[in-house]
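Numbering of residues begins at 1 and proceeds along the displayed sequence. Just so you know, these numbers use all the heavy atoms, side chains as well, and skip hydrogens, waters and symmetry mates. Computed from a predicted structure; not experimentally measured.
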Amino acid sequence: MSVTPLQALPLDLLRQRSSTKWRSYGDDVIPMFVAETDFPLAPAITTALHRAVEIGDTGYTPPRPGIDLDFAAYADRRWAWEIDPARVRWTGDVMMGVVEVLRAVTSPGDRVVVTPPVYPPFYDTVEEAGAVVERVPLLDDGERWSLDLDGIEKALASGARAVLLCNPHNPTGTVHARDSLAALARLAARYGASVVSDEIHAPLTHAPAVFTPFLDAAPEAAAVGYAVTSASKTYNLAGLKCAVIVTGSEETAQVVRALPWEVEWRAGLFGVIANRAAFAAESDAWLDGLLAALDENRRLLADLLAEHLPLARYRIPDAGFLAWVDVSAYGWGDNPAPFIRREAKVALHHGPLFGTEGIGHVRINVGCAPEVLREAIERIAALVPPA
């Protein structure tokens with residue numbers, strides 16, 4: 001059955017928004033840096049938030065807000081992942097959840113493995129937890145990226161106490177294979193380490209890729225793993241604070257239950273309301289339309305780059321709406337994004353912030369109208385001197 005792609009909102013309406021994407025730069029700049037998308041909200045979310053405003057439902061988040069049941073049903077429906085709702089807790093956002101879990105499973109000065117190029121807040125989050133970043137970059141075979149399991153094992157064998165996993169991976173859009181995640185779980189179990197898996201991009205996995213929840217990858221994963229996720233990236237809810245922390249064993253569940261009670265209080269009521277509406281079955285059709293639109297755009301970007309910036313290197317991502325593009329061949333410096341923003345009036349994310357592997361790279365948000373994406377690439381291509 002064919003799915004009609006979701007249509008992005010018009011630019012004149014988007015520029016009325018007051019979020020980071022639309023207030024960081026002037027109206028002459030096309031903003032494609034931060035992970036906000038340009039689509040209308042899922043109708044169920046709009047309805048739920050309208051109702052909350054109408055009745056003044058703006059108080060504290062209740063002690064049992066129901067998101068545990070909703071996320072468990074969503075995980076079963078979308079990924080055939082069976083979760084015990086009693087092992088689902090909630091907090092303000094994914095990075096809040098990550099730092100609190102890291103604090104609980106590491107001691108000050110412990111090393112935590114990250115796999116660059118990776119989402120810049122990973123570095124800050126490890127440090128906020130009192131730990132030390134240990135870099136084990138993704139392997140790149142020229143066609144796709146993968147976890148360096150040998151490198152991770154060396155880090156764990158030498159005393160690293162945790163792995164901060166990005167699954168699916170930001171910025172490459174890599175959906176890690178089940179066998180790779182299972183091997184990671186076995187390594188963590190062998191060395192008595194923990195794996196904290198940021199799975200915020202999971203609903204945005206494009207067929208034929210298949211998302212594997214880390215906790216479901218192998219029996220060992222339930223014993224060593226913590227998954228932290230939210231509807232915020234997929235459903236554009238970053239300003240409404242809510243995320244869930246999921247565990248797969250009674251031992252890891254006890255670790256999360258022992259976190260300070262304030263961790264759950266950080267979830268905002270509007271965030272809970274919106275996340276519950278996103279996880280509801282009635283929002284599935286909207287998600288399917290979003291995936292269809294993003295699928296078209298991830299492929300359109302490949303065509304646009306081939307036509308206008310043929311020296312750029314880009315692999316169509318398995319998941320998400322973020323594209324990792326190497327433009328180093330054009331000589332725009334180690335960090336091309338400021339030059340591109342200044343000269344082409346297109347704001348992209350700074351590649352080196354993701355790690356040294358990001359030198360010469362930019363991250364492009366394709367969660368927009370196709371014509372916006374086309375104009376952005378044409379503006380950037382105009383920076384290339386005629387042959």
Side-chain angles (χ1 to χ4, degrees), residues 2-8 11 29-35 37-39 117 138-146 168-175 201 204-209 289-354 357-387:
S2 63
V3 176
T4 301
L6 201 62
Q7 298 296 303
L11 270 175
V29 173
I30 298 176
M32 308 183 82
F33 63 110
V34 72
T37 55
D38 297 353
F39 302 96
L138 294 181
L139 297 176
D140 180 0
D141 66 5
E143 294 186 1
R144 62 179 296 109
W145 291 274
S146 61
H169 197 86
N170 173 7
T172 66
T174 301
V175 171
H201 293 275
L204 296 171
T205 300
H206 301 289
L290 174 66
L291 286 167
L294 297 179
D295 182 41
E296 290 185 352
N297 279 0
R298 67 181 179 143
R299 298 178 190 280
L300 173 61
L301 179 59
D303 293 340
L304 291 171
L305 292 173
E307 179 182 358
H308 298 288
L309 291 165
L311 300 182
R313 292 186 293 175
Y314 161 65
R315 296 173 203 164
I316 296 176
D318 298 329
F321 52 84
L322 304 171
W324 188 236
V325 183
D326 180 355
V327 293
S328 57
Y330 289 102
W332 295 331
D334 288 351
N335 185 13
F339 171 78
I340 291 171
R341 186 181 69 247
R342 184 175 64 251
E343 300 298 328
K345 303 299 183 184
V346 179
L348 308 176
H349 209 321
H350 298 206
L353 292 180
F354 294 81
E357 296 75 13
I359 289 174
H361 288 66
V362 292
R363 194 190 72 178
I364 304 175
N365 180 343
V366 302
C368 58
E371 58 269 23
V372 171
L373 180 57
R374 181 178 296 278
E375 180 180 350
I377 299 304
E378 289 176 350
R379 286 190 187 189
I380 297 170
L383 301 177
V384 181

Heavy-atom pair with the smallest gap, counting every atom of Ala376 and Met32: CB-SD, 3.3 Å
Sidechain N-carboxylate O distance under 4.0 Å for Asp141, Arg144: no
Smallest separation among heavy atoms of Ala35 and Arg363, with atom names: N-NH2, 4.0 Å
Donor-acceptor under 3.5 Å (Arg298 side chain, Pro317 main chain): yes
Glu296 side chain near Leu300 side chain, heavy-atom distance below 4.5 Å: no
Separation of Asn170 CG from Phe321 CZ (nearest 0.5 Å): 8.5 Å
Lys345 backbone acceptor or donor facing Arg379 side chain under 3.5 Å: yes
Tyr330 (side chain) donor-acceptor with Leu311 (main chain) under 3.5 angstrom: yes
Separation of Ile364 CD1 from Ile340 CD1 (nearest 0.5 Å): 7.5 Å
Nearest-0.5 Å distance, NE2 of residue His308 to CG of residue Asp303: 10.0 Å
Any Glu371 side-chain heavy atom under 4.5 Å of Glu375 side chain: no
Tyr314 and Leu309: CA distance, side-chain angles, deciding distance, side chain to side chain contact (heavy atoms under 4.5 Å, CB included) verdict: CA-CA 11 Å; Tyr314 161 65; Leu309 291 165; over 6 Å; no
Glu343 side chain near Trp332 side chain, heavy-atom distance below 4.5 Å: no
Pair Leu322-His201, side chain to side chain contact (heavy atoms under 4.5 Å, CB included): steps then yes or no: CA-CA 10 Å; Leu322 304 171; His201 293 275; 3.8 Å; yes
Side-chain heavy atoms of Pro117 within contact of Thr172, under 4.5 Å: yes
Gap between atom CD1 of Ile380 and atom CG of Leu304 - 0.5 Å precision: 10.5 Å
Leu291 vs Leu204 side-chain heavy atoms within contact, under 4.5 Å: yes
Sub-4.5 Å side-chain heavy-atom contact between His349 and Trp324: no
Distance (rounded to the nearest 0.5 Å) between Glu307 CD and Arg374 CZ: 6.5 Å
Closest non-hydrogen atom pair between Gly320 and His206, with its separation: O-NE2, 3.2 Å
Heavy-atom side-chain proximity of Leu294 to Phe39 below 4.5 angstrom: yes
Charged N-O contact under 4.0 Å between Asp295 and Arg299: yes
Stepwise side chain to side chain contact (heavy atoms under 4.5 Å, CB included) test for Glu143 and Arg315: CA-CA 8 Å; Glu143 294 186 1; Arg315 296 173 203 164; 5.8 Å; no
Residue pair Asn365 / Phe33, side-chain heavy-atom distance below 4.5 Å: no
Side-chain donor/acceptor of Asp318 to backbone N/O of Ala209, under 3.5 Å: no
Leu373 side, atom CG; Glu378 side, atom CD - distance, nearest 0.5 Å: 10.0 Å
Heavy-atom pair with the smallest gap, counting every atom of Ala312 and Val327: CB-CG1, 4.2 Å
Smallest separation among heavy atoms of Ala8 and Cys368, with atom names: CB-C, 3.9 Å
Nearest atoms (heavy-atom pairs only) where Asp326 meets Ser328: OD1-OG, 2.6 Å
